[in-house]
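Numbers restart at 1 for each chain; the letters A, B, ... are given by sequence-line order, proteins then strands. The model shown is predicted, which means the values in this text are computed figures rather than measured ones.
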Protein chains: 2
Amino acid sequence: MRLTERKVAAILRQHSYKLTPQRRVVIQAIASNQDHLTPTAIYERVHQHHPSIGFVTIYRTLEILAQLGLICELHAGGSCRSYTISAPGHHHHLICSNCSRVIDFTGCELGKVEQDLSSKTGFRIEGHLLEFIGLCQACQREAT
Amino acid sequence: MRLTERKVAAILRQHSYKLTPQRRVVIQAIASNQDHLTPTAIYERVHQHHPSIGFVTIYRTLEILAQLGLICELHAGGSCRSYTISAPGHHHHLICSNCSRVIDFTGCELGKVEQDLSSKTGFRIEGHLLEFIGLCQACQREAT
DNA sequence: TTCTAAATGAAAAATATTTTCATTTAATAA
DNA sequence: TTATTAAATGAAAATATTTTTCATTTAGAA
Ligand SMILES: [Mn+2]
Ligand SMILES: [Mn+2]
Ligand SMILES: [Zn+2]
Ligand SMILES: [Zn+2]
């Protein structure tokens, strides 16, 4: 799904959000970059050409765009850092995007993928994190 | 690897770290819990029985324990939240634990795993994040 | 015991994120 | 157009998270 201005405008309007110059600029900053940008990185890029745009607008815009599915949010939510006893490098989570419940599961088959990647990239792979995001049963019901 | 007090003591000593009462308590808090605990959650648990322990000690202790591989750190590093253009729910990263470089890769085979999980748990799965952690070639060399 | 490198807690600094509120503006309909 | 108004903005303050600094205490070795 290329993220054309037209499309963004339509989707925003559908939800009675306005397409403001500030939002255009934020979208442009994200769309024109392959990397994952932190709010601060986005702010800095935007700020160069539009010094009047503040941090608050960045945060608010990101929240809306992510909610509408126009951009994708990784490792979201306040402080997402956490600790657990060492199960060295194997983590498998099933996360409910609504209620944030986390279920651990076992039995992933990533050995093959891991080897391929390792030989292709030269990385010495030490562990992995596999997270599925979705809606738990309770939250599916609740969503009517 | 059960995390016995004896073992922890040995490993700490090996690296000329001291085994202090505060560290005992933090380790105990993490080891006695299945969940992933944020620094704040750990602080709160510890604080109930040992109100004199401060936040700084928690943070410092977590850093050391993680570095020694005694505990496992998830979604680490300051602000780990970031945004990218929508590739709905598919994310595959190869992350260097030393220099933090992130490489995207394609072609994971998770359909089967996803279906199994879905039918086992009732989750409606909408996306996933697969991250391999390791050392990139450059950092392997550097580590001599 | 004595000694000392390492650890601690308090406070402050640095970041990151959210809330509040007065003002401005995009979109729509006269 | 112009008027209307719900939505958006920016500044500032409030909150939350993480790191740094430093004077004091302590674990562990001798
Ligand atoms: Mn886990
Ligand atoms: Mn990615
Ligand atoms: Zn749920
Ligand atoms: Zn590297």
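Dashed line: the shortest gap from a side-chain N or O of B:T20 to OP1 or OP2 of D:dT26 is not under 4.0 Å. A close approach under 4.0 Å does occur between a side-chain nitrogen or oxygen of A:Q22 and OP1 or OP2 of D:dG10. Contact annotation: A:R23 reaches the phosphate of D:dT9 (side-chain N/O to OP1 or OP2, under 4.0 Å). Residue A:T57 has a polar side-chain atom (N or O) positioned under 4.0 Å from OP1 or OP2 of D:dG10.
For the residue pair A:Q140 and B:G122, the shortest heavy atom distance occurs at NE2-O, 2.8 Å.
B:F132 and A:H128 have perpendicular rings, their planes meeting at more than 60° on a 0 to 90° scale where under 30° would count as parallel.
With DNA chain C read from its 5' end, the first of the two nearest nucleotides for A:F55 and A:R60 is the one closest to A:F55. Taking the nucleotide of DNA chain D with the nearest heavy atom to each of A:I64 and A:V56, the more 5' of the two is matched to A:I64. Nearest-nucleotide positions on DNA chain C for B:S16 and A:R24 put B:S16 closer to the 5' end.
Remark: P of C:dA26 and CD of A:Q14 are 21 Å apart, rounded to the nearest angstrom. The distance from atom CD of B:E63 to atom P of C:dA7 is 12 Å, rounded to the nearest whole Å. Distance B:L62 CG to C:dA7 P: 15 Å, rounded to the nearest Å. Atom CD1 of B:I58 and atom C1' of C:dA7 are 14 Å apart (whole Å). As a whole-Å value, the separation of B:L68 CG from C:dA7 P is 10 Å. If you measure from atom OH of A:Y43 to atom C1' of C:dT18, you get 16 Å, rounded to the nearest angstrom. Atom NE2 of B:H47 and atom P of C:dT8 are 15 Å apart (whole Å). The interatomic distance linking A:Q67 (CD) with D:dA7 (C1') rounds to 15 Å, in whole Å.
Distance alone, capped at 3.5 Å, places no donor-acceptor pair between the A:T57 side chain and the A:I53 backbone. Judged by distance alone, with hydrogens and angles left aside, the side-chain atoms of A:S119 form a donor-acceptor pair with the main-chain N or O of A:D116 at under 3.5 Å.
Listed candidates were C:dA10, C:dT8, D:dA8. Nearest to the side chain of B:T61 is C:dT8. With D:dA8, D:dA27, D:dT18 as the choices, the nucleotide that has an atom nearest any side-chain atom of B:P21 turns out to be D:dA27. Closest to the side chain of B:K18, out of C:dA27, D:dT26, C:dG9, is D:dT26.
No side-chain donor from either of B:D104 and B:H92 sits under 3.5 Å from a side-chain acceptor of the other.
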